[in-house]
Amino acid sequence: MSDSSQKLKIALAEGDGIGPEIMAACLGIFEAAGVQDHVDFVPTVMGEKVFRDGNSMGISDESIRTVEETGLVYKGPMGTPVGGGGKSINVTLRKMYGAFANVRHFQSLPGVETVYSKANIPVDFYVVRENIEDTYGGIEHRLTNDVVECKRLISAPGCDQVHREAFETAKRLGITNVHCGHKANIMKMSDGLFLERFYKIGGDYPDIETGDVIIDALCMNLVLKPQNFRMVVLPNLQGDIVSDLAAGLVGGLGFAPSANIGHHVSIFEAVHGTAPDIAGKNMANPTSLLLSGLMMLRHIGLMKHANLIENALIHTLEQGVHTGDFGEGTGKPAVGTTEFGDAIRNNLGKAPDTRDALATDGVSETISVSRAERPRHNTLMRTFETLKSVYVGCDIYLDTLLSPSELADRLQAICGPTPFELKMMSNRGTQVWPSGSVYTEIVDYYRVRFELRDLSRAPSLGQGPIIQLLDRIAEKFEVTDFQPLKYYDGKPGYSLAQGQ
Ligand code: NAD
């Protein structure tokens with residue numbers, strides 16, 4: 001297939017800093033392996049240059065069109081201007097196009113010395129991280145003089161997407177064991193939902209064993225026995241931290257490829273930065289970008305090409321060829337980015353010595369990228385469509401310096417003539433009324449909980465009386481936040497305070 005109109009188009013963003021150098025090395029290897037016979041890389045303009053031209057999105061309009069048209073982006077690292085209105089182009093792309101799953105592969109590589117390679121412990125696992133929600137919504141507020149908040153949103157459809165992608169990836173790669181990492185013992189509702197949906201979606205994959213592990217134990221176990229894990233799926237923030245921990249197990253970010261998978265656009269990129277300290281010096285290591293490119297080739301179905309290149313990369317590393325950032329133990333001098341790329345090119349067709357070669361003969365290749373139709377409007381995702389919900393009260397958040405007992409007295413007087421009773425007050429999540437301890441140190445921000453005195457009235461309550469209660473409280477106090485309380489299918493849709 002050499003007719004350019006027949007080729008699969010992929011948007012190419014070479015990146016800033018070391019980006020152009022490592023991208024040139026990777027494209028050279030792809031060319032030599034015959035990838036460009038099937039793929040047309042379409043250059044785009046994004047990153048520092050675009051920010052400097054005053055575009056706070058960091059991506060030109062034409063490049064947006066290219067990304068939307070191709071649905072695939074191969075991308076080098078990009079700088080985010082410090083200060084000013086510019087947001088990280090990496091985050092913008094992931095969020096704008098709903099690339100909901102970040103998939104990273106961590107494997108020991110020959111020539112990359114780590115404590116595990118020295119101890120002969122093989123590391124080879126995937127982290128699949130939810131990529132949109134969680135604290136990355138960036139919904140933050142200053143609530144009082146002394147308190148700020150970050151809202152952590154977890155949605156059932158958001159969980160389902162990332163779990164299904166994890167199980168599908170595991171199935172495609174022959175991985176038979178997937179773990180969910182979480183903190184559902186503390187965040188019972190948000191991480192609880194993430195965990196619940198993990199097992200629900202996992203039920204559709206009976207050949208894959210499922211297990212879950214609390215995030216702190218996961219971190220310890222990954223360090224102690226990384227060989228016990230093949231794939232871990234995690235919420236966004238925990239996944240971010242665990243991904244870098246995992247990169248540390250295999251020698252650093254220079255060896256950790258990354259794919260951001262969405263229904264419409266998928267982005268394949270190195271996770272390290274633009275390395276301004278070595279940019280333009282032919283010193284950068286292209287391995288992470290190359291491995292990300294291999295994830296992309298496999299994603300589009302070029303399995304044979306990916307295997308050919310991976311065999312050559314491993315063979316090259318086995319020979320002790322390395323850039324300056326790794327390979328001290330090889331006893332060989334470092335080579336430049338270009339020479340590193342050339343060595344891999346020259347080794348195409350050679351097999352690794354220290355591990356089984358990946359198959360290149362008899363591997364069928366069909367380029368196929370499943371991609372949802374371009375939506376004409378925002379897609380509303382639903383998981384739970386039939387839950388019955390009723391209002392039962394509200395949590396009101398107050399900025400006040402009163403003591404718990406003084407505050408409770410005043411609030412009880414205010415809610416007296418309403419259908420609600422003051423049920424509980426907490427400060428920083430710990431109950432301080434009706435029971436509590438004087439040892440609990442408090443700040444200027446209370447949550448006060450009102451619930452119906454007579455819960456049997458809930459089905460006919462509606463929002464009105466709750467808003468009236470809020471009004472009454474707001475006449476006397478500074479309200480900083482308000483949360484209606486509901487039951488869903490007869491169960492409280494809210495957590496209890498510590499000690500309640
Ligand atoms: P960095 O990853 O660029 O550099 C940290 C250190 O690692 C430096 O010493 C650098 O020389 C080295 N390094 C990184 N990649 C290397 C490679 N491929 N080969 C050899 N050495 C390498 O991190 P930073 O200095 O914190 O960030 C620099 C810029 O990169 C910032 O503008 C930041 O916003 C951006 N950044 C972009 C991405 C991305 O595009 N995905 C990720 C992280 C940071």
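Because the structure is a prediction, the values reported are computed rather than measured. Whatever order the structure lists ligands and atoms in, that order sets their numbers, starting from 1.
The single protein non-hydrogen atom nearest to atom 9 (O) of ligand 1 is D277 OD2, 3.0 Å, given as residue, atom name and distance. With respect to atom 16 (C) of ligand 1, the closest heavy atom belonging to the protein is I18 CD1, 4.0 Å. For atom 2 (O) of ligand 1, the closest heavy atom belonging to the protein is G273 N, 2.7 Å. Nearest protein neighbour of atom 19 (N) of ligand 1, counting heavy atoms only, is N285 N, 2.9 Å. Counting protein heavy atoms only, atom 29 (C) of ligand 1 is closest to T274 OG1, 3.1 Å. At the shortest separation from atom 12 (C) of ligand 1 among protein heavy atoms lies A275 CB, 4.3 Å. Nearest non-hydrogen protein atom to atom 21 (N) of ligand 1 is I278 CD1, 3.6 Å.
In this structure, V271 has a heavy atom closer than 4.0 Å to ligand 1. Look at G254 and you'll find every heavy atom at least 4.0 Å from all atoms of ligand 1. Using 4.0 Å as the threshold, A270 has a heavy atom nearer than that to some atom of ligand 1.
Between H272 and ligand 1, a contact under 3.5 Å exists for at least one N or O pair. Note: an N/O pair closer than 3.5 Å links M78 and ligand 1 by distance alone.
When distances from atom 24 (P) of ligand 1 to the protein are checked, no heavy atom turns up under 4.0 Å. Not a single protein heavy atom sits closer than 4.0 Å to atom 7 (O) of ligand 1. Distances from atom 35 (C) of ligand 1 to the protein include at least one heavy-atom value under 4.0 Å. Put simply, atom 40 (O) of ligand 1 has protein non-hydrogen atoms near it, under 4.0 Å away.
Residues K350 and E318 are not paired through a salt bridge, judged by the lack of any N-O separation under 4.0 Å between the basic side chain and the carboxylate. Checked for salt-bridge contact, D207 and K171 miss the test: no charged N lies under 4.0 Å from a carboxylate O. By the 4.0 Å N-to-carboxylate-O rule, D244 lies close enough to R104 to be salt-bridged with it. The pair K183-D216 counts as a salt bridge, with a side-chain nitrogen and a carboxylate oxygen less than 4.0 angstrom apart.
With a 4.5 Å cut-off on side-chain heavy atoms, E269 and L93 do not count as touching. In this structure, I261 and H299 have side chains that are in contact, with non-hydrogen atoms separated by less than 4.5 Å. By the 4.5 Å heavy-atom criterion applied to side chains, T176 and I208 are not counted as neighbours.
Annotation: cation-pi pair R129/Y136 present, NZ/CZ under 6.0 Å from the ring centroid and within 45° of its normal.
Shortest non-hydrogen contact noted between K332 and H322 is O-NE2, 2.6 Å.
The aromatic rings of Y74 and F41 sit tilted relative to each other, their planes meeting at an angle between 30° and 60°.
Those atoms of ligand 1 that come under 4.0 Å of a heavy atom in A284, given as number and element, are 19 (N).
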